[in-house]
Amino acid sequence: MPSSKKFKPSKSASSSLAGKSDTETQKVNLLDSGAVKRELDEATIRAVKDAGFQEDHYVSNVKILLGLVTCSIALVAQFYPQKHLDSWWLLFCCVIAYAACTAALNLFLLRFEGETFFFTRAKRDTPALKFVARMPRYSDQYTLLISQREDKDHPQSVFMLLPWVAVLQSLVPGLKRESSPQNEHAEMTSSVTKYFHSNGYLNETIFSQDVQSLLKQPSLSMKSKEI
């Protein structure tokens with residue numbers, strides 16, 4: 001059974017602790033839940049990096065690679081130095097290749113990214129982590145879920161760095177790697193009124209403290225993964 005531990009954020013939310021975050025963050029329309037969530041997601045990334053974690057760019061790099069390949073196919077189809085009627089075979093191949101690359105990109109995002117907005121590399125006693133945030137529309141409750149990345153979510157070998165292999169591995173059951181049945185994670189849910197002033201500026205000091213406290217939960221350590 002997956003292990004889940006609820007983390008209760010600190011209760012103190014005094015505006016006197018705003019510090020430098022009030023001047024460095026942009027003013028947010030508190031009635032726009034999407035803008036509020038984006039601001040908290042970005043603050044989460046800053047807090048995680050301040051805690052010494054390094055971002056894992058694997059998913060971003062694959063997205064860029066597939067995007068470049070797809071754009072290159074479109075450029076070939078558009079600017080190939082031959083009349084379109086004479087190069088119908090090339091256009092046909094480009095359309096098929098463009099559709100295949102687009103499908104591969106979507107499948108890759110569905111399989112490896114999903115709701116995750118940030119990935120980290122393993123660090124000392126902490127395994128590689130992924131971060132998911134949820135904030136229902138018309139709600140003031142922000143939920144941050146931090147979980148350990150399973151082996152199948154974090155390709156380790158050079159062979160698995162190929163995006164097509166990663167996509168095929170996610171589709172064909174026989175190609176999937178064995179992974180730990182456990183998926184340890186830690187979670188916190190709090191009202192955004194705890195972190196935002198009435199003028200729309202984020203109190204990043206308090207929010208960063210809660211995020212970094214969540215990162216120290218035992219469920220996110222290497223020891224919990226080995227159990």
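For clarity, every value in this text was computed on a predicted model and none was experimentally measured. In this chain, residues are counted from 1 in sequence order.
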Output every pair passing salt bridge (Lys or Arg N to Asp or Glu O under 4.0 Å) with a member in residues 91-109, not counting sequence neighbours, ordered by first then second residue.
none

Sequence neighbours excluded, the answer for salt bridge (charged side-chain N to carboxylate O under 4.0 Å, His left out) partners of Arg38 is none

Please round to the nearest 0.5 Å and tell me the distance separating atom NZ of Lys49 and atom OG1 of Thr44.
12.5 Å

Output all residues satisfying ring-ring contact (aromatic ring centres under 6.0 Å, His included) with Phe118, sequence neighbours left out; order by chain, then residue number.
Phe131

Heavy atoms of Ala51 and Leu215 approach each other most closely as CB-CD1, 4.0 Å

Is there side-chain contact between Thr120 and Lys130, with heavy atoms separated by less than 4.5 Å?
no

Identify every side-chain donor-acceptor pair in residues 89-99 under 3.5 Å, counting partners at least two apart or on other chains, and give the distances.
none

For residues Tyr138 and Ser33, determine if any side-chain heavy atom of one lies less than 4.5 Å from a side-chain heavy atom of the other.
no

Rounded at 0.5 Å granularity, tell me how far CG in Leu202 sits from CD in Glu42.
10.0 Å

Distance-only side-chain donor-acceptor flag, Asp140 / Ser191, under 3.5 Å
yes

Closest heavy-atom contact between Phe112 and Phe119?
O-CZ, 3.3 Å

Quick one, Asp50 and Gln212 - any side-chain contact, counting heavy atoms below 4.5 Å?
yes

Give the minimum heavy-atom separation between Leu40 and Phe207, together with the two atoms involved.
O-CE2, 3.5 Å

Electrostatic pair Arg121:Glu55 at N-O distance under 4.0 angstrom:
no

Cut-off 3.5 Å, no hydrogens considered: what does the side-chain donor-acceptor table look like for residues 61-77, sequence neighbours left out?
residue : atom : partner : partner atom : Å
Asn61   : ND2  : His57   : O            : 3.2
Lys63   : NZ   : Glu113  : OE2          : 3.2
Thr70   : OG1  : Leu66   : O            : 2.8
Ser72   : OG   : Leu68   : O            : 2.7

Taking the six-membered ring of Phe53 as reference, does the NZ or CZ atom of Lys123 fall below 6.0 Å from its centre and within a 45° cone about the axis?
yes

Are side-chain heavy atoms of Ile206 and Asp210 found at a separation under 4.5 Å?
yes

Quick check: closest heavy atoms across Leu214 and Ala186, and the distance to 0.1 Å?
CD1-CB, 3.7 Å

Give the cluster check for Leu31 versus Phe196: same hydrophobic cluster or not, with ILVMFWY residues linked at side-chain heavy-atom distances below 4.5 Å.
no

For Lys37, is there an ion pair with Asp41 - N to carboxylate O distance below 4.0 angstrom?
yes

Run the ring-ring contact (aromatic ring centres under 6.0 Å, His included) test against Tyr142 and tell me which residues pass, sequence neighbours left out.
none

Kindly say whether Glu204 contributes a backbone atom to a donor-acceptor pair with the side chain of Ser208 at under 3.5 angstrom?
yes

State the CE-CD distance between Met188 and Gln217, to the nearest 0.5 angstrom.
10.5 Å

If you look at every heavy atom in Leu129 and Gln148, which pair is closest and at what distance?
CD2-CA, 4.1 Å

With respect to Arg134, which candidate in Gln141, Glu187, Glu115 satisfies the side chain to side chain donor-acceptor pair (under 3.5 Å) definition?
Glu115

